[in-house]
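A quick write-up on the structure given underneath.
Lettering of chains follows the sequences in order, A, B, ..., and the numbering in each one begins at 1.
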Number of protein chains: 2
Amino acid sequence: MSYPKNAVDTIRSSGYRVTRQRQLVLEILDKNQGHLDAEALFMKAKTKDMNIGIATIYRTLALLKKIGVVKEEFLGQQHGQFEKTPPLPHYHFTCLQCGRVIEFEVPQLTEIAHQLSKNKKIQVSEITMHLSGLCSQCINKTKNKKS
Amino acid sequence: MSYPKNAVDTIRSSGYRVTRQRQLVLEILDKNQGHLDAEALFMKAKTKDMNIGIATIYRTLALLKKIGVVKEEFLGQQHGQFEKTPPLPHYHFTCLQCGRVIEFEVPQLTEIAHQLSKNKKIQVSEITMHLSGLCSQCINKTKNKKS
DNA sequence: GTCCATGCAAACTGTTTGCACGCGC
DNA sequence: GCGCGTGCAAACAGTTTGCATGGAC
């Protein structure tokens, strides 16, 4: 069966131990369907487990990334944000003013990547797309601002 | 006239001074049509000017980016690589094995971004796309390797 | 009981900043 | 000559690592 196993099962079946800390990180990523960086995740984790260390967060995220449970996205251009790997690939728009992130799908990208694979004789394993600009709210704010 | 002014003119007309160091950085970026990160650029600059400081490199790149002369690309996922702003927007493929970068154009992206702008009522000012995988050389290497 | 995973602190990397001097305009 | 731009070193932020202890299996 190719049922998407839940994350805990994936950890176990990949040969790693299911620890309290790893479960906590997964829990937080589940609740926050948004995008968290290591620091933000650490903060949230601390409220549930005062003793958790930032190194554990980094090690756990690296592990989850390696076994494919989470994806790292580079949105604000600097350090990565993490989210549970979505069933369908999607991409992100970031508002340069308020930082809001909007997700969207672009089915055409698969075809575009396929064409490129043929033309350039390459093998594409990962497609990243990222838009930035102004979200509708910030467009309105700017309009209403009289200078 | 909307002739693309050369970079030096752009610096001057933006109200900044044209210094030896800034010219050197531009020269290096011109010669290396490839993609250099701050460190690599610093190394190359040192061979021409032993006394140049890494801080100058960072400050110069930030300036050139601000006035639109260079673009910062996040290819290897971590710190940015810089290239002179190309006349036509293009995107990059990075080989995960050998690090080779291939450039390509995707005219359709403009239209895709336009559609999204309408649907989501956003204003897109920047489109980023990045592919990764294996280049043709590395595909062959892998094939020929008997294990 | 074994050995992987954790917490802590120290180390490290890439980048930024404060300041006195030097140079473009 | 004025004031921005530079070099240097120190500061900083984010991330990684070494090591002794603790917990998953």
Side-chain angles (χ1 to χ4, degrees), chain A residues 6-28 35-67 69-82, chain B residues 6-28 35-67 69-70 72-82 99:
Chain A
N6 68 48
V8 169
D9 286 345
T10 307
I11 293 179
R12 216 185 309 266
S13 68
S14 303
Y16 298 102
R17 294 181 181 171
V18 176
T19 64
R20 188 166 34 82
Q21 292 89 334
R22 288 176 180 169
Q23 291 182 84
L24 177 53
V25 168
L26 286 172
E27 220 174 90
I28 293 171
H35 312 81
L36 298 174
D37 60 17
E39 196 65 33
L41 219 151
F42 177 53
M43 241 82 114
K44 283 183 188 288
K46 273 229 156 178
T47 69
K48 295 259 183 168
D49 174 355
M50 296 201 5
N51 293 320
I52 199 167
I54 185 83
T56 300
I57 301 292
Y58 278 105
R59 285 189 276 231
T60 300
L61 286 174
L63 175 73
L64 295 178
K65 191 176 157 188
K66 184 165 73 172
I67 63 178
V69 170
V70 307
K71 284 201 68 177
E72 184 174 11
E73 307 280 346
F74 294 82
L75 305 180
Q77 309 288 55
Q78 33 248 18
H79 54 294
Q81 317 261 110
F82 295 83
Chain B
N6 69 47
V8 169
D9 286 346
T10 308
I11 293 178
R12 217 185 308 268
S13 69
S14 303
Y16 298 103
R17 294 181 181 171
V18 176
T19 65
R20 187 168 34 82
Q21 292 88 335
R22 287 176 180 170
Q23 290 181 85
L24 177 53
V25 168
L26 285 172
E27 221 175 87
I28 293 173
H35 311 81
L36 298 174
D37 60 17
E39 197 64 34
L41 220 152
F42 177 53
M43 244 79 115
K44 283 183 188 288
K46 273 228 157 178
T47 70
K48 296 259 183 168
D49 175 355
M50 294 201 7
N51 292 320
I52 199 167
I54 184 83
T56 301
I57 302 292
Y58 278 105
R59 284 189 277 230
T60 300
L61 287 173
L63 175 73
L64 295 178
K65 192 175 156 188
K66 184 165 72 171
I67 64 179
V69 170
V70 308
E72 184 174 11
E73 305 281 346
F74 293 82
L75 304 179
Q77 310 289 53
Q78 33 248 18
H79 54 296
Q81 318 261 110
F82 295 83

Query raised in the report: Got a donor-acceptor contact below 3.5 angstrom from the B/Thr10 side chain to the B/Asn6 backbone?
Result: yes
Query - Atom-pair distance (CD on B/Gln21; P on D/dC4), nearest Å - result: 17 Å
Report task. Give me the first and last nucleotide of DNA chain C, going 5' to 3', that has any atom under 4.0 Å from a heavy atom of chain B. Result -> C/dG14 to C/dC25
Requested in this report: Please report, rounded to the nearest Å, how far the C1' atom of D/dG14 is from the CD atom of A/Glu72.
Outcome: 12 Å
Query raised in the report: Looking at CD1 of A/Ile52 and OG1 of A/Thr60, how far apart are the two atoms once the value is rounded to the nearest 0.5 Å?
Result: 6.5 Å
Query raised in the report: Below 4.5 Å, heavy atoms only, C-beta onward: do B/Arg22 and B/Thr19 meet side chain to side chain?
Result: yes
Query raised in the report: What bend angle does the helix from C/dG1-D/dC25 to C/dC25-D/dG1 show across its length, from five-pair end axes and to the nearest 10 degrees?
Result: 40°
Query raised in the report: Do A/Arg12 and A/Arg17 touch side chain to side chain, with heavy atoms closer than 4.5 Å?
Result: no
Query raised in the report: How many angstroms lie between CZ in A/Arg59 and CD in A/Gln21, if you round to the nearest 0.5 Å?
Result: 10.5 Å
Query raised in the report: Do the non-hydrogen side-chain atoms of B/His79 and B/Phe74 ever get within less than 4.5 Å of each other?
Result: no
Requested in this report: Please work out if B/Arg59 contacts a base, only the sugar-phosphate, or nothing of the nucleic acid, heavy-atom cut-off 4.0 Å.
Outcome: base
Query raised in the report: So what does B/Ile54 hit on the nucleic acid, given a heavy-atom distance under 4.0 Å: a base, only sugar-phosphate, or nothing?
Result: nothing
Query raised in the report: Is there a side-chain contact between A/Ile54 and A/Glu39, using heavy atoms and a 4.5 Å cut-off?
Result: yes
Report summary line: Once base and sugar-phosphate atoms are separated, protein heavy atoms under 4.0 Å mark nucleotides 20-25 of chain D, 5' to 3', with B, S and - as ---BBS
Query raised in the report: Under 4.0 Å between a side-chain N or O of B/Thr56 and OP1 or OP2 of D/dG7?
Result: yes
**Report entry** 4.5 Å side-chain heavy-atom contact, B/Ile11 and B/Leu64
**Finding:** yes
**Report entry** Separation of D/dT6 C1' from B/Asn51 CG (nearest whole Å)
**Finding:** 11 Å
Query raised in the report: A/Leu26 versus A/Val69: any side-chain heavy-atom pair under 4.5 Å?
Result: yes
Query - Check: B/Phe42 and B/Thr56 side chains under 4.5 Å, non-hydrogen atoms - result: no
Requested in this report: Return the 5'-most residue of the pair B/Ala55, B/Gly15 with respect to DNA chain D, ranking by each residue's nearest nucleotide.
Outcome: B/Gly15
Requested in this report: Have a look at A/Glu39 and say if it touches a base, only the backbone sugar-phosphate, or nothing, with a 4.0 Å heavy-atom cut-off.
Outcome: nothing
**Report entry** d(OH, B/Tyr58; P, D/dA10) in whole Å
**Finding:** 18 Å
Query raised in the report: In whole angstroms, how far is the C1' atom of D/dT16 from the CZ atom of A/Phe42?
Result: 15 Å
Query raised in the report: Got B/Asp37 and B/Phe82 here, is their nearest side-chain heavy-atom distance under 4.5 Å?
Result: no
